[in-house]
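Below: the structure, in structure tokens.
By convention in this document, chain letters (A, B, ...) are assigned in the order of the sequence lines, proteins followed by strands, and residues within each chain are numbered from 1. The shown structure was predicted, so the numbers you read here are calculated from the model rather than taken from an experiment.
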2 protein chains.
Amino acid sequence: MAGRSTQLNKIKGVIREQIVGGVLLPQQKLSSERELSDRFSTTRITIKDALTSLETEGLIYREERKGWFVSPPRIHYNPLSRSHFHQMIREQQRIAETKVVNVETVLATSDHAKVLERSDFPTVHLIRRLRYIDGRAVLFVENCLISELFPGILQENLTTSLTGLYKEKYGYTTSRSRFDVIPTAAPEHVAKSLGIAAGQQVLKICRVNYNQDEVIIDCEFEYWRPDSVVITIDSCEDCEKTSAY
Amino acid sequence: MAGRSTQLNKIKGVIREQIVGGVLLPQQKLSSERELSDRFSTTRITIKDALTSLETEGLIYREERKGWFVSPPRIHYNPLSRSHFHQMIREQQRIAETKVVNVETVLATSDHAKVLERSDFPTVHLIRRLRYIDGRAVLFVENCLISELFPGILQENLTTSLTGLYKEKYGYTTSRSRFDVIPTAAPEHVAKSLGIAAGQQVLKICRVNYNQDEVIIDCEFEYWRPDSVVITIDSCEDCEKTSAY
DNA sequence: AAGTGGTCTAGACCACCCC
DNA sequence: GGGTGGTCTAGACCACTTC
């Protein structure tokens, strides 16, 4: 099932076998495009087409202007589970890290207000963070918190779980959340943070969180490198978890 | 926020405005790549890069060797909801259609057996169907049913809801389902059915369904055109729905 | 300074679709 | 048969990273 025997498919096949066969290891850099085009006696354009196609499969990824690398196994992620990012990654025997990109307090844009279902354009804290797995930046998150509900939160340590902070400092627990998953292109600031070229594919997840009183307290925009994750949902598990809160 | 002012970004900007501004309507064909490369005084490669980038955004899609078309609005899809495909599409004021691609009865492959959690490689019915929205093929589905649980099902009308058949003919209701969402490349037979080029991006959803006795009765592999859908999940709603069954 | 990917030119042939 | 996108050649310059 290798498809028509084009140059493209041959190149893809060779590289795919090297990855699946373990000749190339996760996060290892592939040869440069020029080197590959020599080795396969073809042009950079054809090589780039082959690499882009393997990227779509989720086998490799690129760091802008650095090169192409082998994708590590995907992380299983359940957006309904209130498990913290660091805990979730640790449970999958991987290493998590979080860095704050920037923080600001502004009036909600119309986009934010819409998601938060607030027609009065409240003041919000925007917290933008980058999350790493095994040293690789895979997730850009923007949290948008209604500021009056979270006095003083910007003075806290924001590299850990916000959900944890919500609970400990403010007594909010998430009774319910609603989210959308959309395959789309990375906006420019996201692409820059993740080290991908603008306009490349990401998996966008928009989430709205409700507290125990069914009040929307924040929303979140996640942008995942598409090869890094598989969204996993179990209706049963989630209902148990939700009702346990 | 138009990015660096490259030729690429200019072309993308012009076409994007025509789409957002309603000059180009959903499902309308764009000019051919050659025509566009004339109009923008550039080469087909650059035009193709621009179009591919807009495709990643979800603004346009392609039909293999036919051309590029404007994407209609995305359908909201909740894989946990047991709502039937046709009903779901109708509720969103769109027109649904289903065609059977082929049907076969075979021994489960190791992939299927694994998902079905059956180490004995049972005989399964594979039902492959193509689903259309407003006349456009957007979803390829392969259902894999454990054949001993569904005697005679292949004689039924398979262009409607399988879930409906499960209930009416066999008394099975789905108490629980578990699914994975994965951005990946279209396998060859899927690409061919959907009319996309092999190796292009799709959103793959693998689902396992349990009946009221917590027995796995079938699994399903869905391949969506990535611009056609947004996965929407509400923890609250789902719990209500699940418990209502 | 050397090397990388990102962008771009100016062509070509082929497989397939539609008329 | 004419037009479409899919694939491919053989180069080029630029922005950025790495050393």
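Note on B/Ser32: a side-chain N or O is less than 4.0 Å away from OP1 or OP2 of D/dT4. Phosphate proximity of C/dT9 to B/Arg44: absent, as no side-chain N or O sits under 4.0 Å from OP1 or OP2. The shortest distance between the side-chain N/O atoms of A/Lys48 and the OP1/OP2 oxygens of C/dG5 is not below 4.0 Å.
For B/Asp49 and C/dT9, the CG to C1' distance is 12 Å, given to the nearest whole Å. Following rounding to the nearest Å, A/Ile196 (CD1) and C/dG5 (C1') show an atom-to-atom distance of 15 Å. One interatomic measurement links the two molecules: CG of B/Leu36 to C1' of D/dG3, which rounds to 14 Å at whole-angstrom precision. Distance A/Lys192 NZ to D/dT17 P: 10 Å, rounded to the nearest Å. Between the CD atom of B/Gln200 and the P atom of D/dG6 there is a distance of 7 Å, rounded to whole Å. Counting to the nearest Å, the C1' atom of C/dC17 and the NZ atom of B/Lys29 are 11 Å from each other. In this structure, the NZ atom of B/Lys10 is 14 Å from the P atom of C/dT7, given to the nearest Å. Taking atom CD1 of residue B/Ile47 and atom P of nucleotide C/dT9, one finds them 9 Å apart after rounding to whole Å.
Annotation: side chain of B/Val14 is in contact with side chain of B/Phe40 (closest heavy-atom distance under 4.5 Å).
Pairing each heavy atom of B/Leu8 with each of B/Thr46, the nearest pair is CD1-O, 3.7 Å. Taking every heavy atom of both residues into account, A/Pro72 and A/Pro26 meet most closely at CA-CB, 3.9 Å.
Closest to the A/Thr46 side chain, of the nucleotides D/dT9, C/dC17, D/dG6, is D/dT9. In the set C/dT4, C/dC18, C/dG6, the nucleotide with an atom closest to the side chain of A/Glu64 is C/dG6. In this structure, the nucleotide among D/dT4, C/dA10, C/dT7 sitting nearest to the side chain of B/Arg65 is D/dT4. Of the candidates D/dT4, D/dT18, C/dT9, D/dT18 carries the atom nearest the A/Lys66 side chain, counting heavy atoms from C-beta on.
Atom NZ of B/Lys114 is surrounded by 12 or fewer heavy atoms from other residues, nucleotides or ligands within 6.0 Å.
Nearer to the 5' terminus of DNA chain C, by closest-nucleotide assignment, is the contact made by B/Thr42 (compared with the other of B/Arg34 and B/Thr42).
Among the heavy atoms of the strands lying under 4.0 Å from A/Ile45 is at least one base atom, whether or not backbone atoms are also near.
Using a 4.0 Å cut-off between charged nitrogen and carboxylate oxygen, A/Arg136 and A/Asp227 count as a salt-bridge pair.
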